[in-house]
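Okay, so here's the structure we're looking at.
Just so you know, ligand 1 is whichever comes first in the structure, and atom 1 is the first atom listed for that ligand. Note that the coordinates shown come from a computational prediction; the quantities given were computed from them, not determined experimentally.
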Amino acid sequence: MSLDTAQQDPELPIPAGVFAEKVTSVEHYTDRLFKFRITRPPTFRFRSGEFVMIGLPNATKPVFRAYSIASPSWDEELEFYSIKVPGGPLTEHLQKVAVGDTVVMRKKPTGTLVNDALLPGKRLWMFSTGTGIAPFASLIRDPDTYEKFEEVILTHTCRDVEELKYGQELVAAVKDDPLVGECAQALRLYNSTTRAEFPFRGRITDLMVSGKLFEDLGVPPISPETDRGMICGSMAMLRDTKSALEGFGLVEGSNNRPDTFVVERAFVD
Ligand code: A2P
């Protein structure tokens, strides 16, 4: 598949002050989910876990949307993991990108799902639903994460089993990676589904509050002494997971005021 001619119109100028990068690979997971990688501008720096605004050069004023960078800060390409929203102003077109197409990207990355926004601790929990796994795909490939935390637990909950594949493949690849593989032995993936048969069932919030999550993993319940949290998902998921973490005594932090958990919305929905 490739962009239609309107999207590739060479007459449309690249907006001022943005990077114009080439797509290097595309992989579709389900009819709702895909990943793509683009070239990385040599001057572009970011912290693992941050997001950036991306768009397509398909209009004089392209639509930009916030996307977490799913690749780590040391990678020579940039990876993104996206939902396909039917009729979505950006994703309707973005889902059709092919290798060699151009993606535009604003120059300034930002975000709070960064190691710097958390106080040191023993165990880092990364709670994600759907495409909210993207910033964690970056952080679990960054050796800094394992320098700061002894144990890293990534939870990923989706409606269906096929939606878990991106994270499962990624964790397997990270454990085999020559750069981070050894320290990533500290990484564990916990999957659950809410609408399909799977060994672990249920919303992550329910699994936390009931204590089943801790039993399944064989770890003590979350405590502000030892545990740190990062949350990324829909607005409702953020609200409920934040309230569950507050129930365990954790306190929300930010870049300016690091504390025991941080939150970021999975933007495109
Ligand atoms: P559910 O199937 O019970 O709605 P979505 O694709 O809608 O973003 O959902 C991704 C996952 O997040 C689904 O498994 C969904 O469960 C779950 N989810 C939705 N809302 C919440 C919430 N408020 N708290 C925790 N998990 C949620």
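- With Arg201, Met208, Arg159, Arg203 as candidates, the residue nearest to atom 18 (N) of ligand 1 on a non-hydrogen basis is Arg203.
- The shell of residues lying under 4.0 angstrom from ligand 1, judged by heavy atoms, excludes Ile204.
- A cation-pi arrangement, defined by a distance under 6.0 Å to the six-membered ring centre and an angle within 45 degrees of its axis, is present between Arg106 and Phe64.
- Looking at atom 23 (N) of ligand 1, its nearest protein heavy atom turns out to be Asp240 OD2, 2.8 Å.
- Checking only distances, Arg239 never comes within under 3.5 Å of ligand 1, N or O to N or O.
- Under a 4.0 Å criterion applied to the non-hydrogen atoms of Thr157, ligand 1 contributes the atoms 11 (C), 14 (O).
- Protein heavy atom in closest approach to atom 14 (O) of ligand 1: Thr194 OG1, 2.7 Å.
- Between Asn115 and Phe149 there is a side-chain heavy-atom pair separated by less than 4.5 Å.
- Under the 4.0 angstrom criterion, atom 16 (O) of ligand 1 counts as having a protein heavy-atom contact.
- Heavy-atom distances between Gly233 and ligand 1 stay at or above 4.0 Å for every pair.
- In summary, the aromatic rings of Phe46 and Trp74 are positioned with their centroids too far apart to meet the 6.0 Å limit.
- When each atom of ligand 1 is checked for a heavy atom of Arg195 under 4.0 Å away, the hits are 1 (P), 2 (O), 4 (O).
- With respect to the salt-bridge test (charged N to carboxylate O, under 4.0 angstrom), the residues Arg40 and Glu77 do not qualify.
- The environment of CD in Glu182 is sparse: at most 12 heavy-atom neighbours from other residues, nucleotides or ligands sit within 6.0 Å.
- A side-chain donor from one of Glu264 and Thr112 sits under 3.5 Å from a side-chain acceptor of the other.
- In this structure, atom 25 (C) of ligand 1 lies nearest to the protein heavy atom Thr205 OG1, 3.4 Å.
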Taking it one step at a time, do Glu92 and Lys96 satisfy salt bridge (charged side-chain N to carboxylate O under 4.0 Å, His left out)? CA-CA 8 Å; Glu92 184 182 72; Lys96 298 183 197 139; 5.7 Å; no
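- Looking at ligand 1, you won't find any N or O of Ser234 less than 3.5 Å from one of its N or O atoms.
- The protein non-hydrogen atom at the shortest distance from atom 10 (C) of ligand 1 is Thr129 CB, 4.0 Å.
- When only interatomic distances are considered, the shortest N/O to N/O separation between Thr241 and ligand 1 does not fall below 3.5 Å.
- Tyr81 pairs in a side chain to side chain contact (heavy atoms under 4.5 Å, CB included) with only one of the listed residues (Phe34, Phe36, Tyr29), which is Tyr29.
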Take Lys212 and Asp206 through the salt bridge (charged side-chain N to carboxylate O under 4.0 Å, His left out) test and state the conclusion after the steps. CA-CA 8 Å; Lys212 183 163 187 307; Asp206 295 335; over 6 Å; no
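- Residue contact annotation: Arg32 has a non-hydrogen atom under 4.0 Å from ligand 1.
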